[in-house]
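Computation of the quantities below employed the complete heavy-atom set of this structure, encompassing side-chain atoms and omitting hydrogens, waters and symmetry-equivalent molecules. Since the structure is predicted, the reported quantities are computational estimates derived from the model, not experimental observations.
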Amino acid sequence: MSQVEVRQIGHVAAMPVAKTMTANGRTQNKTLVTVISNSRWKDPQGKVSEKATAISWTLWGKVAVNASWHLDVGSKVAVVGTLEGNRYTGKDGKEVFGFNFTARSVEYLDSKDDAEARRNRRANSASEHEPKPARSAGRKTSRSPASAKEA
């Protein structure tokens, strides 16, 4: 059986989901990453159309570990892997067809500065949404001049 090779260039749509699995006494790292690619074109009348294609990739081994550490929502990547047809009978007795995309390699297309800026924005946005601890009325706190400026 021949394999179909797929290459997708796009942006990570959701935080990668990493898992460690054990089967037959072997431990494997697995990460699921959804990548979205946008296509734009003009029809014969000159109207611009666009379409987004999302693919959920399964990554294994070192590729999975690296992706779980380095990828974030919005990261630009080029993923190369294989496509495999999936066919089974559903609970309702009907035949179901699908596809599994397994990545062999992930190329990180963001610069280090872009990736660091995205991580900083995410960290700042997360800290803004965290509830602030309440101060007790009778307790005095001392502040350094630097922390007083931040408050």
Side-chain angles (χ1 to χ4, degrees), residues 1-134 144 146-147 149-151:
M1 180 170 117
S2 63
Q3 291 185 336
V4 176
E5 184 174 285
V6 178
R7 178 175 173 89
Q8 182 185 23
I9 298 173
H11 292 88
V12 175
M15 285 299 292
V17 178
K19 297 178 182 177
T20 301
M21 306 172 68
T22 304
N24 300 329
R26 261 182 79 195
T27 301
Q28 289 257 22
N29 294 306
K30 174 183 177 180
T31 300
L32 301 174
V33 177
T34 301
V35 178
I36 293 183
S37 302
N38 295 314
S39 303
R40 290 183 185 88
W41 67 93
K42 285 186 181 179
D43 64 13
Q45 291 76 30
K47 180 184 173 198
V48 177
S49 297
E50 95 178 75
K51 175 180 153 188
T53 302
I55 297 177
S56 293
W57 292 90
T58 303
L59 292 70
W60 294 97
K62 264 188 176 175
V63 174
V65 172
N66 290 338
S68 68
W69 277 97
H70 297 291
L71 293 181
D72 197 2
V73 174
S75 297
K76 188 168 185 180
V77 293
V79 184
V80 176
T82 57
L83 167 70
E84 188 176 313
N86 184 343
R87 181 174 160 177
Y88 61 94
T89 304
K91 292 179 182 177
D92 59 1
K94 293 183 181 178
E95 203 162 18
V96 179
F97 298 91
F99 295 103
N100 294 327
F101 292 86
T102 303
R104 281 197 325 252
S105 68
V106 176
E107 186 178 348
Y108 305 96
L109 301 177
D110 281 336
S111 69
K112 286 184 180 182
D113 292 338
D114 290 342
E116 186 65 30
R118 186 177 18 270
R119 278 193 284 276
N120 289 338
R121 279 193 306 274
R122 178 171 292 287
N124 290 338
S125 127
S127 66
E128 289 173 5
H129 297 296
E130 290 177 3
K132 305 276 188 227
S144 69
S147 65
K149 288 179 186 175
E150 294 172 2

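- Taking every heavy atom of both residues into account, Gln28 and Gly61 meet most closely at OE1-N, 4.4 Å.
- One N or O on the side chain of Ser37 and one on the backbone of Ile9 form a donor-acceptor pair closer than 3.5 Å.
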Please evaluate residues Arg104 and Val63 with respect to the criterion side-chain contact (heavy atoms from CB on, under 4.5 Å), reporting the C-alpha separation (whole Å), side-chain torsions for both, the decisive distance (0.1 Å), and the verdict.
CA-CA 7 Å; Arg104 281 197 325 252; Val63 174; over 6 Å; no
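- Pro16 approaches Ala67 most closely through the heavy-atom pair CG-O, 4.2 Å.
- For Asn24 (side chain) and Arg26 (main-chain N/O), no donor-acceptor pair under 3.5 Å exists by modelled atom type.
- Atom OG1 of residue Thr27 and atom CE of residue Met21 lie 11.0 Å apart, to the nearest 0.5 angstrom.
- Between atom NZ of residue Lys19 and atom CG of residue Leu32 there is a gap of 6.0 Å, rounded to the nearest 0.5 Å.
- In this structure the side chain of Thr20 reaches within 4.5 angstrom of the side chain of Asn29, judged on heavy atoms.
- Annotation for Tyr88: atom OH does not count as buried by contact number, only 12 or fewer foreign heavy atoms lying within 6.0 Å.
- Applying side chain to side chain contact (heavy atoms under 4.5 Å, CB included) to Leu71 and the options Leu59, Thr31, Val33, Val35 leaves one that passes, Val33.
- For Trp57 against Val80, the heavy-atom pair with the smallest separation is CZ3-C, 4.4 Å.
- Side-chain polar atoms of Ser56 and Thr34 form a donor-acceptor pair below 3.5 angstrom.
- Taking OG1 of Thr53 as the reference point, atom CD of Gln8 lies at 7.5 Å (rounded to 0.5 Å).
- For the pair Asn66/Val106, no side-chain contact is recorded, criterion being any heavy-atom separation below 4.5 Å from C-beta on.
- Between Asn86 atom CG and Phe97 atom CZ the span is 10.5 Å, to the nearest 0.5 Å.
- The distance from the NE2 atom of His11 to the OG atom of Ser75 is 8.5 Å, given to the nearest 0.5 Å.
- Taken from NZ in Lys51 to OG in Ser49, the straight-line distance is 11.0 Å, to the nearest 0.5 Å.
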